[in-house]
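One-based numbering along the sequence shown.
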Amino acid sequence: QVQLVESGGGLVQTGGSLKLSCAASGRTFRDYDVAWFRQAPEKEREFVAAVSRSGGRINYATSVEGRFTIAKNNARDTVYLQMNSLTPEETAVYLCAAAPYASVSYIPSAYDSWGQGNQVTVSS
């Protein structure tokens with residue numbers, strides 16, 4: 001497994017932007033598909049976006065497509081999630097996940113390494 005550390009969360013107003021980062025340690029991200037999920041209180045974990053090991057395949061949840069961008073920098077072992085036009089309904093803990101062969105899956109169980117999560121709060 002690879003260790004993941006998220007950063008970049010915080011408080012933003014409706015319509016604002018945030019950029020999250022997920023850094024890997026112990027292993028290189030070249031060998032992993034990486035995804036972002038989010039979980040609001042009393043709700044199930046929700047897929048946001050995923051990127052393949054090479055960065056050549058990307059998958060977005062329909063709800064974020066066109067507003068969020070996932071990007072992978074293998075040289076820095078970091079994956080980014082640029083989030084634009086945020087709404088209060090997107091307030092959640094955002095988690096980074098990784099797996100060697102997840103096929104940019106939207107299913108949480110496809111990933112076997114998880115970060116600790118990073119709070120994103122969108123105020124109305």
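Under the 4.5 Å side-chain heavy-atom criterion for ILVMFWY residues, a single connected hydrophobic cluster contains both V120 and I70.
The backbone N or O of C96 sits less than 3.5 Å from a side-chain atom of E6, completing a donor-acceptor pair. Between the side chain of D77 and the backbone N or O of F29 there is at least one donor-acceptor pair closer than 3.5 Å. Y111 places a side-chain N or O within 3.5 Å of a backbone atom of S105 that can act as its donor or acceptor partner.
The one candidate from Y106, W36, Y60 that meets the side chain to side chain contact (heavy atoms under 4.5 Å, CB included) condition with F47 is Y106.
Note on ring orientation: taking the six-membered ring where Trp is involved, the planes of F37 and W114 are tilted (angle from 30° to 60°).
Here the side chains of R67 and E90 are in contact, with some heavy-atom distance below 4.5 Å. Contact of the E46 side chain with the S63 side chain is registered, since non-hydrogen atoms from C-beta on lie closer than 4.5 Å. At a threshold of 4.5 Å between non-hydrogen side-chain atoms, the residues T14 and V122 count as touching. At a threshold of 4.5 Å between non-hydrogen side-chain atoms, the residues S52 and N59 do not count as touching. With a 4.5 Å cut-off on side-chain heavy atoms, Y32 and V51 do not count as touching.
Counting non-hydrogen atoms of other residues, nucleotides and ligands closer than 6.0 Å to OH of Y80 gives a total above 12. Within a 6.0 Å sphere centred on CD of Q119, other residues, nucleotides and ligands contribute more than 12 heavy atoms.
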